[in-house]
There are 2 protein chains.
Amino acid sequence: MFTIGRNTDYASRIVLHLACLEPGARVTAADIASRRLIPSAFIRRIVSRLSAVGVLATVRGSGGGIALARPAAQITLREVVEAFEGPLSLNVCVASPAICPLSVTCPVQQAWVGATQHLAAFLTGVTFGDLAREIRDPQSVP
Amino acid sequence: MFTIGRNTDYASRIVLHLACLEPGARVTAADIASRRLIPSAFIRRIVSRLSAVGVLATVRGSGGGIALARPAAQITLREVVEAFEGPLSLNVCVASPAICPLSVTCPVQQAWVGATQHLAAFLTGVTFGDLAREIRDPQSVP
DNA sequence: CGTAATGTTACCAGAATAGTAATCTTTATC
DNA sequence: GATAAAGATTACTATTCTGGTAACATTACG
């Protein structure tokens, strides 16, 4: 079973949480942590990463907090995944073909490239605007 | 970067190697290991697993060896992947939703289910018959 | 029985993962 | 400007996973 890591999962919960609030709403990391069941010490690094990547905008200091850096409809699941997992690559020979001495004419490598592209396209098509709408109005996307 | 493991990669090379031979051809593990650059001690477990899953047929003892258990066209890349990675599941909450207390109405979980299904469908569509044909006749599938 | 082959198990070192904790920086407010 | 609230950064740990090695067991042919 090859899966995304917990970081990525938590990150998507955080972004989803913000996407469900009023546009531009700002909340504290501790608040998200408690509501979304994320280890509170953990959330710091995740938020930090997401803001470095341009998904979140943070405000330090008293009264500060976390908000989406862009409208939720412009944030894709792929972006969040790649922030933690690196560029999508279902096999090492996809990201760095040189690692495999056989890769030049290897059809399996081609297959993995194709699979990776398919997955990437799917994840690009999922925005947090869509996901938030599913929560607000479950009927809209059955 | 979340990728398949080396086991899975090696396994696909082994099956591909056999798929390129005459149908029913039987060769030794050591032979495959040397030709496909797989650690020779490693290949035992891999072959053993693949035969347990019904992809390979092995014959023990002197003069024994390894062959495909079925025509290459009936062996999918998905099958080989799942033999080593377990059932496809891009997030833990896909395989076991109970693990996440939020999963009941979690749209991200839905997204991961969809992504997993897409990937599974893609990998089901890739057979080692196709892959072997690409090697024999690169023009046929450009 | 000896040899050639796969099957199985145990083991190891290094890396990654999940999670914790402590400390530093920034900034709003009083 | 002192204080406290908030995020930023770094280090650390325990556990698991991974890739790989090695040894031994089993089977079968001649």
Side-chain angles (χ1 to χ4, degrees), chain A residues 1-14 18 25-34 36-69 81 83-86 89 91-93 99-100, chain B residues 1-14 18 25-34 36-69 81 83-86 89 91-93 99-100:
Chain A
M1 179 168 70
F2 62 109
T3 69
I4 59 170
R6 309 300 299 136
N7 276 321
T8 306
D9 189 41
Y10 289 151
S12 60
R13 287 192 216 171
I14 293 170
L18 291 165
R26 186 197 296 156
V27 296
T28 70
D31 182 55
I32 301 179
S34 67
R36 291 283 167 173
L37 307 177
I38 301 171
S40 62
F42 224 1
I43 205 173
R44 306 259 184 78
R45 272 177 314 191
I46 296 175
V47 166
S48 172
R49 186 66 148 284
L50 286 173
S51 79
V53 166
V55 168
L56 300 184
T58 63
V59 176
R60 285 182 161 197
S62 175
I66 303 164
L68 296 182
V81 170
F84 292 89
E85 310 288 344
S89 168
N91 194 356
V92 287
C93 66
I99 219 173
C100 173
Chain B
M1 178 167 73
F2 60 111
T3 68
I4 59 169
R6 310 300 299 136
N7 276 322
T8 307
D9 189 42
Y10 290 151
S12 60
R13 288 192 215 171
I14 294 169
L18 291 165
R26 186 196 298 156
V27 296
T28 70
D31 182 55
I32 301 179
S34 67
R36 291 283 166 172
L37 307 177
I38 301 170
S40 62
F42 222 57
I43 206 172
R44 304 261 185 79
R45 271 179 316 190
I46 297 176
V47 166
S48 170
R49 186 66 148 284
L50 286 173
S51 79
V53 167
V55 168
L56 299 184
T58 62
V59 176
R60 285 184 162 197
S62 175
I66 303 166
L68 296 183
V81 170
F84 291 90
E85 309 288 344
S89 167
N91 194 355
V92 286
C93 67
I99 218 173
C100 173

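Chain identifiers are assigned alphabetically (A, B, ...) following the order of the sequence lines, protein sequences preceding nucleic acid strands; residue numbering begins at 1 within each chain. Note that this is a predicted model, so its numbers are computed, not measured.
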- Task: Calculate the interatomic distance between A:I32 atom CD1 and D:dG7 atom C1'; express it in whole Å.
- Result: 12 Å
- Task: Quick one: closest heavy-atom pair of A:I43 and A:A29, and the distance?
- Result: CD1-O, 3.4 Å
- Query: How many angstroms lie between atom SG of B:C100 and atom CG of A:D9, to the nearest 0.5 angstrom?
  - Reply: 6.5 Å
- Note on the structure: Separation of C:dT27 atom P from A:R26 atom CZ, nearest Å, is 12 Å
- Close residues, residues 36-58 of chain B, relative to DNA chain C [heavy-atom separation under 4.0 Å]: B:R44, B:R45, B:V47, B:S48, B:S51, B:T58
- If you take all heavy atoms of B:I66 and B:L18, which pair is closest and at what distance? O-CD2, 3.7 Å
- Atom CD1 of B:I14 and atom CD1 of B:I32: how far apart are they, to the nearest 0.5 Å? 6.0 Å
- Task: Please state how far atom CZ in B:F84 lies from atom P in D:dC17, giving the value in whole angstrom units.
- Result: 17 Å
- In short, A:A67 meets A:A25 closest at the heavy-atom pair CB-O, 3.3 Å
- Closest nucleotide of DNA chain C for A:G61 versus for A:N7: which of these residues is on the 5' side? A:N7
- Item | Spatial distance of atom CZ (B:R49) from atom CG (B:L56) [nearest 0.5 Å] | 12.5 Å
- Message: Taking any heavy-atom pair under 4.0 Å as a contact, classify A:Y10: base, sugar-phosphate, or nothing.
- Response: sugar-phosphate
- Query: What's the CD1-P distance between B:I66 and C:dT6, to the nearest Å?
  - Reply: 5 Å
